[in-house]
Amino acid sequence: MAGKTEENQAGLTVSKEKDFSEWYTQVVQKAELADIRYGVQGFIVHMPWGFRILRRIYEYFEEEVEKDGHQPFLFPLVIKKESLEKEKEHAGFAPDVFWVTRAGDRKLEEEVALRPTGETQIYPLYSLWIRSYQDLPYKGYQSRICTYRNEKTTRPFLRGREFMFFETHDAFAAHDEAIEQIRKDSEMSLRVLYQRCKIPFLFFKRPQWDKFKGADDTFTSDTMMPDGKRNQLSSTHDLGQNFAKAYEIKFHDANSGESYAWQTCYGPGIWRTMAALIGIHGDDKGLVLPFDLAPVQVVIVPIIFADKKSEAKNVLELCKKIEKQLKSRGYRALVDASNETPGFKYNKWELKGVPLRIEIGPKEVKKSSICLSFRTRKEKKDVPAKGMEKEISNAAQTIDKDIQKRADAYFKDNTRYTESYDELKSLLKKYRGFIKTPFCSVDDDGEPCADKLKEETEGAYVCGTIYPKEEKLKDGQKCVVCHKKANHLVHVAKSY
């Protein structure tokens with residue numbers, strides 16, 4: 001796959017609609033997003049094209065959290081066993097942890113864990129950094145790191161044993177400040193995931209049995225993949241004072257009293273966002289990327305005819321001139337001057353999701369024009385080379401609008417409603433989307449109904465309730481599972 005052979009660059013051989021799983025696998029490999037041949041299950045190589053997209057997603061989130069007052073830091077990869085197990089509920093991560101037990105041929109005096117998430121490594125230091133109410137709020141984040149969990153099943157960008165990670169960790173003097181931060185986190189998700197990446201989602205408050213270990217409440221941004229499975233794009237956790245009490249994160253208030261901090265953490269899924277970009281925007285030609293997100297925004301393809309080699313020089317000169325002009329305006333442009341045929345180049349760059357293609361041949365040289373081809377449309381457009389920057393700008397906006405419109409249409413009608421348990425089970429077998437239904441409780445006493453649902457539907461989850469404004473029930477509605485009084489409208493879906 002890493003080579004440049006004809007076979008490697010061949011187009012997709014399956015339809016996204018008919019076989020999403022195989023289509024997804026082919027896009028990951030043939031668009032050169034990742035190489036899965038590293039030889040250790042759950043560990044992949046991020047190839048240049050895919051890594052540049054992932055890096056851009058990181059940049060979006062870094063920009064957002066720093067605007068919100070977060071400061072960057074970087075903690076070590078390893079965590080002391082004592083720290084990992086200190087917060088009782090959070091210690092539930094331990095069965096999936098990778099442990100470092102030896103250095104060379106020597107057994108370590110104290111084994112250490114590879115980071116499964118950041119709370120237990122960061123909060124012991126917060127207890128040293130935070131002493132006074134004047135130190136609050138404290139907002140920190142670490143980015144461009146990986147975490148490690150011994151996942152049973154793995155798939156590139158959806159679930160891995162090593163995966164890209166981003167996390168904020170905030171401490172406040174009062175709980176209402178923490179709740180306000182959850183609102184801000186949801187808005188950051190909206191700006192990055194929806195406005196910039198064009199991925200529609202629902203914002204849920206998770207049921208108590210499905211919250212983050214050690215949190216009081218968990219809130220998530222969930223989208224729906226074309227195979228009908230929920231993809232959790234981000235999560236924000238109201239940690240209450242649980243970790244503060246476990247790690248002694250206390251501060252002296254204005255009256256010289258001592259209080260535990262209130263905490264939140266926010267984890268946008270860098271990998272999961274990539275998976276959604278592939279699955280939701282992609283088509284039977286390959287990736288479809290928003291203009292700003294694409295590693296190459298404009299590819300320029302010279303059209304050189306075998307029987308008119310004398311014209312090649314002028315064609316290439318105009319291509320290089322256009323490339324230089326676009327780069328001077330800040331566009332990521334590239335001339336594909338390889339020896340492949342124009343048709344091969346078209347297919348290659350469409351597979352990689354390049355938003356805009358410029359075709360230049362003898363006709364364009366003679367007319368001092370360029371031919372624009374949009375990744376999201378079939379038609380082409382001839383425009384004068386002089387003043388083309390405005391046309392490129394307009395094209396970028398058109399492409400993004402096309403992507404957003406298609407994503408919204410895809411997501412708009414992917415929720416069904418039922419009050420019948422039999423119909424719910426039937427829908428989960430044949431319908432690719434969320435199903436909204438009455439449910440008894442999203443507190444712990446509703447877990448038996450959730451377990452029954454999961455067992456009898458081959459893995460359907462109660463995703464939670466819409467947040468911050470929970471949808472209202474009608475009078476007298478009953479839980480779809482136990483038929484007792486329903487207290488919530490929940491969304492149900494299969495999940496990765």
Phe166/Tyr141 aromatic ring centres below 6.0 Å: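 Yes.
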
Checking the side chain of [X] only, and the main-chain atoms of [Y] only, is there a donor and an acceptor separated by less than 3.5 Å?
{"X": "Lys139", "Y": "Thr168", "answer": "no"}
{"X": "Arg52", "Y": "Pro295", "answer": "yes"}
{"X": "Ser221", "Y": "Phe201", "answer": "no"}
{"X": "Ser426", "Y": "Asp422", "answer": "no"}
{"X": "Tyr410", "Y": "His281", "answer": "no"}
{"X": "Glu177", "Y": "Ala174", "answer": "yes"}
{"X": "Glu66", "Y": "Glu63", "answer": "no"}
{"X": "Arg131", "Y": "His252", "answer": "no"}

Atom pair [atom1] ([X]) and [atom2] ([Y]), whose distance is rounded to the nearest 0.5 Å:
{"X": "Thr13", "Y": "Glu22", "atom1": "OG1", "atom2": "CD", "result": "6.0 Å"}
{"X": "Asp68", "Y": "Met188", "atom1": "CG", "atom2": "CE", "result": "4.5 Å"}
{"X": "Leu33", "Y": "Ile278", "atom1": "CG", "atom2": "CD1", "result": "5.0 Å"}

Working for salt bridge (charged side-chain N to carboxylate O under 4.0 Å, His left out), residues Lys184 and Glu187: CA-CA 5 Å; Lys184 291 180 179 180; Glu187 291 181 350; over 6 Å; no

Return all side-chain donor-acceptor pairs below 3.5 angstrom for residues 209-220, not counting sequence neighbours, or 'none' if the list is empty.
from: Lys211; atom 1: NZ; to: Gln208; atom 2: OE1; distance (Å): 2.9
from: Lys211; atom 1: NZ; to: Ala215; atom 2: O; distance (Å): 3.0
from: Asp216; atom 1: OD1; to: Asn242; atom 2: ND2; distance (Å): 2.9
from: Asp217; atom 1: OD1; to: Gln208; atom 2: NE2; distance (Å): 2.7
from: Thr218; atom 1: OG1; to: Phe212; atom 2: N; distance (Å): 2.8
from: Thr218; atom 1: OG1; to: His237; atom 2: ND1; distance (Å): 2.9
from: Thr220; atom 1: OG1; to: Arg206; atom 2: NH1; distance (Å): 3.1
from: Thr220; atom 1: OG1; to: Arg206; atom 2: NH2; distance (Å): 3.4
from: Thr220; atom 1: OG1; to: Asp222; atom 2: OD1; distance (Å): 3.2

Side-chain donor/acceptor pairs under 3.5 Å, residues 459-472, sequence neighbours excluded:
from: Tyr461; atom 1: OH; to: Lys454; atom 2: NZ; distance (Å): 3.2
from: Glu470; atom 1: OE2; to: His488; atom 2: ND1; distance (Å): 2.6
from: Glu471; atom 1: OE2; to: Lys436; atom 2: NZ; distance (Å): 2.9

Thinking salt bridges, do [X] and [Y] make one under a 4.0 Å N-O criterion?
{"X": "Asp227", "Y": "Arg432", "value": "no"}
{"X": "Lys285", "Y": "Asp283", "value": "no"}
{"X": "Glu350", "Y": "Arg375", "value": "no"}
{"X": "Glu162", "Y": "Arg149", "value": "no"}
{"X": "Glu64", "Y": "Arg191", "value": "yes"}
{"X": "Lys452", "Y": "Glu455", "value": "no"}
{"X": "Asp292", "Y": "Arg56", "value": "yes"}

Can you label the angle between the [X] ring and the [Y] ring as parallel, tilted or perpendicular, going by 30° and 60°?
{"X": "Tyr138", "Y": "Tyr126", "value": "perpendicular"}
{"X": "Phe243", "Y": "Tyr247", "value": "parallel"}
{"X": "Trp271", "Y": "Phe157", "value": "perpendicular"}
{"X": "His175", "Y": "Trp262", "value": "tilted"}

Pairs touching residues 150-161 that satisfy side chain to side chain donor-acceptor pair (under 3.5 Å), sequence neighbours left out: Ser21-Arg155, Thr25-Arg155, Asn150-Arg161, Glu151-Arg159

Selection residues 254-265 - residue pairs positive for salt bridge (charged side-chain N to carboxylate O under 4.0 Å, His left out), sequence neighbours left out: Lys250-Glu258

Taking distance alone, no hydrogens or angles, what donor-acceptor pairs closer than 3.5 Å link side-chain atoms of residues 79-87 to residues at least two apart or in another chain?
from: Lys81; atom 1: NZ; to: Glu111; atom 2: OE2; distance (Å): 3.1
from: Glu87; atom 1: OE1; to: Glu89; atom 2: N; distance (Å): 3.3
from: Glu87; atom 1: OE1; to: His90; atom 2: N; distance (Å): 2.4

Side-chain atoms of residues 479-486: list all donor-acceptor pairs with protein atoms under 3.5 Å, sequence neighbours left out, distances to 0.1 Å.
none

Under 3.5 Å side-chain donor-acceptor pair for Gln121 and Tyr123: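 Their side chains do not contain a donor-acceptor pair, so the 3.5 Å distance test is not met.
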
Trace of the ring-ring contact (aromatic ring centres under 6.0 Å, His included) decision for Phe434 with Phe204: CA-CA 12 Å; Phe434 292 107; Phe204 291 119; 5.8 Å; yes

CZ/Phe73: more than 12 non-hydrogen atoms of other groups inside 6.0 Å: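 It does: Phe73 CZ has more than 12 such atoms within range.
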
